[in-house]
Amino acid sequence: MPRVLLLLVPVLLLSACDVPAYDYYVDAKPIIDANCVTCHQDGNIGPFALTTYDEVKTVAELLPPSIEADTMPPWGANPECNDYLHDSSLTAQDKEILLTWLDQGVAPGDPTTAVKADEVEPMTFDLTLPLPEPYTPNGQLDDYRCILVDWPLEEAKYAVGFGVTPDRTDLVHHVVAYIADPSIKDALEELDASDPGLGYSCFGAPTPQDTPGVIGLGVDQRWLGQWAPGPTGRPFPPGTGILIEPGSTMIVQMHYNTATADPSPDQSSFEVQLADEVDKPATVIPFLDFGWALGSVPMTIPAGAADAVITHEQDISNSTLDWFAGTIGLENGDPFVVQEVFFHMHTLGAAGRLDHKRVANPTSDDQCLLDLPRWDFNWQNSYQLQEPRRVDPGDTLQIECRFDNSDGGSEVGFGDGTFDEMCLAILYVTGI
Ligand code: HEC
């Protein structure tokens with residue numbers, strides 16, 4: 001071929017395709033740094049590191065399926081249902097860039113042109129509370145441990161943000177903290193004493209269902225906040241906060257996972273942002289069929305069922321609102337506002353959904369509040385609605401839980417053990 005033609009070939013090839021040629025340092029690295037490396041670095045819970053070109057290249061073939069299916073970064077909410085604050089999923093544009101770059105053969109580019117990811121300001125907190133002493137996970141792949149921490153403040157304050165500083169980042173998979181009222185302090189101490197070592201074993205709920213002297217979630221113990229690897233913490237929905245009385249006890253549920261590290265002592269801390277006053281005091285309302293928890297209504301997942309669907313629809317303003325939200329001044333018959341939704345099932349959970357039905361006001365549309373098309377027990381987020389949703393008396397909420405028990409030889413019902421299931425939404429609500 002004449003020399004001039006040889007020179008033309010690459011030019012023709014380039015102009016033939018209008019997809020931009022992406023490279024690592026300019027295009028892929030800033031996206032990976034901002035969205036993946038908090039977990040995918042040595043000493044953290046991601047199963048491999050993604051901090052350098054060589055590390056990414058080694059696992060490049062593994063990445064597209066998780067990016068395409070939106071399973072990484074772990075977020076979970078279907079974007080067609082609603083919009084949320086602090087959404088950690090990849091934007092459509094970032095997805096397109098990463099997938100194209102991976103498909104084009106992971107060109108490195110020039111390290112001197114490297115683009116830095118936007119720095120995220122770490123949150124600051126007013127109070128840091130470490131676990132009272134180090135705890136060593138029990139050696140199972142997953143250890144769920146509830147550890148009691150005394151609330152040290154002598155006057156009532158609102159919690160307006162929650163975070164965790166994990167000590168062993170390679171072991172701490174997630175943390176949920178609950179506030180327990182002073183009235184159940186003794187009962188909790190007995191529970192703690194009944195299980196050797198620091199804290200007690202707890203899988204689904206902060207206290208086992210039949211703990212003497214304890215009523216349960218939403219009444220004498222309330223959800224405060226949850227944390228999973230990623231950002232250090234999150235503020236609660238703007239203008240809202242949860243009152244914490246002096247003499248309260250924090251029940252800190254630690255989930256340790258030993259997939260990437262051997263059990264060794266961990267003394268993580270949790271952190272709270274505080275305020276003397278808030279515009280709208282908030283509280284949490286568990287939404288489920290209480291008959292399931294009381295045993296009067298069966299929640300049955302048949303043996304071998306591949307897609308067992310459990311639903312419950314209720315107007316809570318008409319029934320249990322005063323019971324759960326009396327502390328923030330709500331009475332039955334009042335409207336209320338759902339600010340944030342946290343969903344809970346166990347390991348047979350496959351998908352979950354919560355809808356608001358505008359029965360009382362047919363001129364306004366029904367609204368999907370949360371849709372989790374692929375439930376993952378390991379990644380339980382709370383989802384803050386970008387537009388908090390007002391629920392009027394007469395309206396209903398409807399929860400739907402889908403379970404896959406196709407490998408299970410026995411029927412499964414409602415309970416808080418490892419072999420039981422749950423189906424509930426935990427609503428963070430305020431008055432209007
Ligand atoms: C919040 C922590 C976290 C973030 C952020 C994160 N990962 Fe992961 N990733 C994990 C953990 C932990 C696993 C192990 C499996 C599991 O627990 O889901 C994992 C597993 C994977 C896997 C193996 C396949 C699988 O689904 O098990 C791939 C591929 C992956 N991550 C890619 C990514 C990419 C690409 C990003 C960024 C776009 C990312 N991850 C962001 C924590 C994270």
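On a predicted model such as this, the values are computed, not experimentally measured, just so you know. For reference, positions follow the sequence shown, starting with 1. Counting starts at 1 for both ligands and their atoms, in listed order.
Atom 20 (C) of ligand 1 has as its closest protein heavy atom M72 CE, 3.5 Å. Given atom 35 (C) of ligand 1, the protein heavy atom at minimum distance is C36 SG, 3.7 Å. Distance from atom 18 (O) of ligand 1 to its nearest protein heavy atom, with residue and atom name: W379 NE1, 3.2 Å. In terms of protein heavy-atom proximity, atom 13 (C) of ligand 1 is nearest to P47 CD, 3.2 Å.
The six-membered or imidazole ring of F403 lies away from that of W375, with a centre-to-centre distance of 6.0 Å or more. Ring centroids of Y144 and F377 are separated by less than 6.0 Å, placing the two rings close together.
Here I31 contributes atom CD1 and Y22 contributes atom OH; the two are 8.5 Å apart, rounded to the nearest 0.5 Å. Annotation: the span from I244 atom CD1 to K157 atom NZ amounts to 11.5 Å, rounded to 0.5 Å.
Residue S88 does not touch ligand 1, judged by heavy-atom distances below 4.0 Å. When non-hydrogen atoms are compared, ligand 1 lies under 4.0 Å from the side chain of F48 (C-beta onward) but not from its backbone. The proximity of S66 to ligand 1, defined as any non-hydrogen pair under 4.0 Å, is limited to the side chain.
Protein heavy atoms are absent from the 4.0 Å sphere centred on atom 15 (C) of ligand 1. Under the 4.0 Å distance rule, the nearest protein heavy atom to atom 27 (O) of ligand 1 falls outside the cut-off.
If you number the atoms of ligand 1 from 1 as listed, the ones under 4.0 Å from a heavy atom of C39 come out as 1 (C), 2 (C), 3 (C), 4 (C), 5 (C), 42 (C), 43 (C). When each atom of ligand 1 is checked for a heavy atom of N35 under 4.0 Å away, the hits are 5 (C), 37 (C), 41 (C).
Aromatic ring orientation, H255 versus H173: parallel (interplanar angle below 30°, classes split at 30° and 60°).
Side-chain contact between F324 and L330 is absent, with no heavy-atom pair separated by less than 4.5 Å. In this structure, the side chains of F162 and E271 stay at 4.5 Å or more apart for every pair of heavy atoms.
Other residues, nucleotides and ligands place more than 12 heavy atoms under 6.0 Å from the CG atom of D110.
Per residue H40, closest N, O or S atom to atom 8 (Fe) of ligand 1: atom name NE2.
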